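Worth knowing before you read on, the calculation uses all heavy atoms, side chains too, and leaves out hydrogens, waters and symmetry mates. The structure displayed is predicted, hence computed values, not measured ones.
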Amino acid sequence: MAGIHHYPTKPTPLGTFDWRQRARDYDAFVYNWADRGNYTTIRADSDPLNMPAGSVSYTLPAYYGDIRVAEKKGVQEAVCQIASVVGATLAGIDKSKQDGRNYVDMLRTFYHPDLRVALNTPSLPGEGVPGSDSIWYTTTANVLYWMLGAQYSQATGMTDILRNIADTYCSMVDACGGADADLTMQDFDFITRTRTGGRNEGGDAAAGAAAILMWAHARHGDAKYLQGAKWAMDYLERSGDNIYYEILMVLAPYVAARLNAEQGTSYDVSKYFNWLMQGSAARVGWGTIDDTWAGYTVHGLAGSRTDTGGYAFAMNAFANTLTAATAKYDPRYAVAVGRWMLNLHNAARFFYADQMPASKQYYEDRFIDDPAHVIAYEGLMKTGPDGIQARSDVPTRSDSWGLADSATGLGLYGSSWVGFLAAAIAETDVSGVLRTDLNILDFHGNPVYPTHLYYNPGTSAARVRVRVGRSARMLYDSVSDSVLDTNASGTVIVDIPAGSARVLVQAPAGGTLTRSGRTRLINDVAVGYDAMPAGDLAAGRPVTASSEQNAVNIASNLTDGSPFTRWESASSDPQWFTVDLEQTQAIGRAVLVWETAAAKAYTLQVSTDNSDWTTVYSTASGTAGRVELPLPEGTSGRYVRVHATQRATQYAYSAHSVSVYAPNGGA
């Protein structure tokens, strides 16, 4: 697993793309009531399930040309329909009063009053119903409903629906063991309150439940919701296996970071990023793509890393933006999030017919100029004569799914999530530097001050134009915990250092900066969080090194707290780096995290003056990964130096971090 820090800084072929416009174009095409025969995209449901007599609703097909919704009642899907409303709203469309229709209220057909949860289809589980016997489908429907509630809190019955969903999920976690909850399951029976076995979709169930209950606590303040969220996250923390199954695990880093920041928990954010990057144990090969297919960098997409060499899906790729708000609550991950979003922004456009040559599409040139090109292909596969192809499970699985010959591989269920990308990511005036909105996908969060991440993948500083507006603003960067401008207005220039990121908060000019514990506040509103490991004496301290390979993999990355940045030396021996603890103090142990290009032979030395050194640890058989170095009793110093004399590989030395702890200190 290469990891985010190995994602390209210049993805290829590089292109510009307006995600907001694509989301709005998709909504206009799909929510057009024109009769297109088998290719009609929206149909009336004059007698919807789960709604009072006289109500009206509607259906969308899962695929373009899929007529199952016209032939059978109650099989429309929440992952398509609720996602389309949430996504369009994120792109700036009010779906509660669009062309005289209230699509938000119509979605009540997915909520089952007797079960007190939403299901993926209005029908109860049964033969031929999509998403039956699957907790990830059910939980995704409820996560989407809670997202909808963040956008339309005053919609008909919304308060009761959200409260009932939260209560039911709280009950589910409790029924599975409460504080010792075991959410390992394929499905959950909400009537008997029992799990069903089979494949393990419990990772997605836990991450989704934790998000719902965290949001419920933010909305209602009931302590039981916070407890339920923690119990669900505790299940993930206890798991030694990667249990990423389908989609909802993308919420885990964000939920972990937000709970850590707001509630003082200590969930392992890095663990969940790593799960997303790697192949899953619950679903072999499932994870995030980190590859180049026939010259197309597809890093950051999601799906199977192994089927036919790689098979990415639009729904899962678009949903990856839900990790972005992690950087709002834990700025150590700002660079990682920024680099992921950069690659996702470029690669996700390859799902669209107008973004790929005809030779790299299953339908060749059929949809390149067709208005339906605003619907994405279901997937992108490492296959075909050119080594990459936009395609789908249709028509391969059409017969087993009961699809008519008219069904195509343009997937509405995946395209409906395009609004998540539209909301999160926008290009700036500097090529390759994106602006990522960290508030808009932080549902039921704290959106008081505009908060955006700017990541510069280049090797020199980028000067980015930032719109502030007419009212004077203070510009605060939570990554560096510093105020960049006290009285900005209009459009200002902000420098983004090479290979670095800023999380820029726009607060009122003249605001009062205070600190409460590890939280930075402006006018009593939380704007930044210190998430450095407790007790790490090296955290944020200055670092010097014998060499740096470029302006990105620099020595200061060793103490920035992020597991996704690194230092890289020149390709020669010896090399060293030194941390200045800024005062002499007792030291009990050190922790190094080497990349694969580790040091085989190295020493750890301490000094009070950066001149006379004492060796306190030495090895000639060093390994990659996390290495704990117990130090002799009585060790002290201001400067800590790692002096490497033999490389473990032919490449330069490379390390992610160095941590230093007092005797009996740290985690």
Original post:
Any side-chain donor-acceptor pair under 3.5 Å between Ser569 and Gln549?
Top reply: no

**OP:** Identify, with sequence neighbours excluded, every residue that meets ring-ring contact (aromatic ring centres under 6.0 Å, His included) alongside Trp231.
**Re:** none

Original post:
Within the side chain of Thr297, is there an N or O that forms a donor-acceptor pair under 3.5 Å with the backbone of Thr12?
Top reply: yes

**OP:** State whether a side-chain donor-acceptor pair under 3.5 Å links Asp204 with Tyr244.
**Re:** no

Original post:
Would a 4.5 Å heavy-atom cut-off, applied to side chains only, mark Tyr455 and Met341 as touching?
Top reply: no

Subject >> Inter-residue atom distance Leu513.CG - Ile522.CD1, 0.5 Å rounding >> reply: 4.5 Å

Original post:
Tyr333 side chain to Ser270 main-chain N or O, any donor-acceptor pair under 3.5 Å?
Top reply: yes

Original post:
Got a second to check how far Ile289's CD1 is from Asn316's CG, nearest 0.5 Å?
Top reply: 10.0 Å

Original post:
Is the number of heavy atoms from other residues, nucleotides or ligands within 6.0 Å of NZ (Lys600) greater than 12?
Top reply: no

Original post:
Are the aromatic ring centres of Tyr7 and His299 under 6.0 angstrom apart?
Top reply: yes

Original post:
Hey, does the side chain of Asn242 reach the backbone of Trp275 with a donor-acceptor pair shorter than 3.5 angstrom?
Top reply: yes

Original post:
Going by distance alone, is a donor N or O of one side chain under 3.5 Å from an acceptor N or O of the other, for Asn550 and Thr459?
Top reply: no

Original post:
Got Tyr617 and Leu631 here, is their nearest side-chain heavy-atom distance under 4.5 Å?
Top reply: yes

**OP:** Test side-chain hydrogen bond (donor to acceptor under 3.5 Å, both in side chains) on His345 and Glu427 and set out the steps.
**Re:** CA-CA 9 Å; His345 164 69; Glu427 296 174 351; 2.9 Å; yes

Original post:
Do the numbers put Arg589 on top of the ring of Tyr661, so that NZ or CZ is under 6.0 Å from the six-membered ring centre and no more than 45° off the axis?
Top reply: yes

Original post:
Counting distance only, does the side-chain N/O of Thr619 pair as donor-acceptor with the main-chain N or O of Ser621 below 3.5 Å?
Top reply: yes

Original post:
So, the side chain of Asn320 versus the backbone of Gly300: is there a donor-acceptor pair under 3.5 Å, distance only?
Top reply: yes

Subject >> Ile243 CD1 to Leu183 CG distance, which is reported to the nearest 0.5 Å >> reply: 8.5 Å

Original post:
Any side-chain heavy atom of Ser500 sitting closer than 4.5 Å to one from Tyr454?
Top reply: no

**OP:** May I ask you to test the Ile587-Ser636 pair for a side-chain heavy-atom distance under 4.5 Å?
**Re:** no

**OP:** Please determine, by modelled atom types, if Gln575 and His643 share a side-chain donor-acceptor pair under 3.5 angstrom.
**Re:** no

Original post:
If you measure from NZ on Lys10 to CG on Leu342, what distance do you get to the nearest 0.5 Å?
Top reply: 11.5 Å

Original post:
Can you tell me if Asn557 uses its side chain to pair, donor with acceptor, with the backbone of Val552 under 3.5 Å?
Top reply: yes

**OP:** Determine whether Glu582 and Arg541 make a side-chain contact, defined as any pair of heavy atoms from C-beta on separated by less than 4.5 Å.
**Re:** yes

Original post:
Using a distance-only test with no angle check, is there a side-chain donor-acceptor pair under 3.5 angstrom linking Asp477 and Ser480?
Top reply: yes

**OP:** Given salt bridge (Lys or Arg N to Asp or Glu O under 4.0 Å), test Asp481 with Arg515 step by step and report yes or no.
**Re:** CA-CA 11 Å; Asp481 188 26; Arg515 180 174 290 279; 2.7 Å; yes

Original post:
When you check the side-chain N and O atoms of Asn439 and Tyr449, is any donor under 3.5 Å from an acceptor?
Top reply: no

**OP:** Enter the distance from Arg518:CZ to Asp530:CG here, rounded to the nearest 0.5 Å.
**Re:** 5.0 Å

Original post:
Do other residues, nucleotides or ligands put more than 12 heavy atoms under 6.0 Å from Arg465 CZ?
Top reply: no

Subject >> Donor-acceptor pair between Asp182 and Thr184 side chains, under 3.5 angstrom >> reply: yes

**OP:** Would you confirm whether the ring centroid of Trp19 sits within less than 6.0 angstrom of the ring centroid of Phe318?
**Re:** yes

Original post:
With a 3.5 Å cut-off and no angle check, do the side chains of Tyr639 and Thr584 form a donor-acceptor pair?
Top reply: no

**OP:** Classify the side-chain pair Tyr651/Arg647 by whether it contains a donor and acceptor separated by less than 3.5 Å.
**Re:** no

Original post:
Listed by chain and number, what are the ring-ring contact (aromatic ring centres under 6.0 Å, His included) partners of Phe577, not counting sequence neighbours?
Top reply: Trp567

**OP:** Applying salt bridge (Lys or Arg N to Asp or Glu O under 4.0 Å), run through Asp442 and Arg258 and close with a yes or a no.
**Re:** CA-CA 9 Å; Asp442 178 23; Arg258 181 167 165 179; 2.9 Å; yes

Original post:
Between Tyr602 and Trp594, is the ring centre distance below 6.0 Å?
Top reply: yes

**OP:** In sequence, state the C-alpha distance, the side-chain angles, and the governing distance for Ser607 and Asp609, and then conclude on side-chain hydrogen bond (donor to acceptor under 3.5 Å, both in side chains).
**Re:** CA-CA 6 Å; Ser607 172; Asp609 59 6; 2.9 Å; yes

**OP:** For Trp215 and Val143, run side chain to side chain contact (heavy atoms under 4.5 Å, CB included): C-alpha distance rounded to whole Å, both residues' side-chain angles, the deciding distance at 0.1 Å, then the answer.
**Re:** CA-CA 10 Å; Trp215 294 333; Val143 165; 4.1 Å; yes

**OP:** Mind running side chain to side chain contact (heavy atoms under 4.5 Å, CB included) on Leu604 and Val640 for me, showing each step along the way?
**Re:** CA-CA 7 Å; Leu604 187 136; Val640 177; 4.0 Å; yes

Original post:
Going by atom types only, do Asn260 and Tyr529 share a side-chain donor-acceptor pair under 3.5 Å?
Top reply: no

**OP:** Take Arg305 and Trp286, measure what side chain to side chain contact (heavy atoms under 4.5 Å, CB included) needs, and give me the verdict at the end.
**Re:** CA-CA 6 Å; Arg305 292 156 53 91; Trp286 196 259; over 6 Å; no

Original post:
Can you tell me if Glu595 and His5 form a side-chain donor-acceptor pair at under 3.5 Å?
Top reply: yes

Original post:
Is Leu226 close to Leu213 at the side-chain level, that is, under 4.5 Å between some pair of heavy atoms?
Top reply: no

**OP:** Say whether Asp573 and Tyr653, considering side chains only, have a donor N or O and an acceptor N or O under 3.5 Å apart.
**Re:** yes

Original post:
Do Thr288 and Phe273 come close enough that some side-chain heavy atom pair is under 4.5 Å?
Top reply: no

Subject >> Ser562 side chain to Asp560 side chain, donor-acceptor N/O pair below 3.5 angstrom >> reply: no

Original post:
Going through the checks in order, is the side-chain hydrogen bond (donor to acceptor under 3.5 Å, both in side chains) test met by Gln605 and Arg641?
Top reply: CA-CA 5 Å; Gln605 304 169 315; Arg641 181 170 73 176; 2.7 Å; yes

**OP:** Answer yes or no: is there a donor N or O on one side and an acceptor on the other, between the side chain of Arg283 and the main chain of Tyr245, under 3.5 Å?
**Re:** yes

Original post:
If you measure from CG on Asp290 to CE on Met277, what distance do you get to the nearest 0.5 Å?
Top reply: 8.0 Å

Original post:
Is there a side-chain contact between Met474 and Val483 (heavy atoms, below 4.5 Å)?
Top reply: yes

**OP:** For the residue pair Ser654 and Arg566, confirm or rule out a side-chain donor-acceptor distance under 3.5 Å.
**Re:** yes

Subject >> From CA spacing to verdict: side chain to side chain contact (heavy atoms under 4.5 Å, CB included), Leu629, Val591 >> reply: CA-CA 6 Å; Leu629 312 182; Val591 178; over 6 Å; no

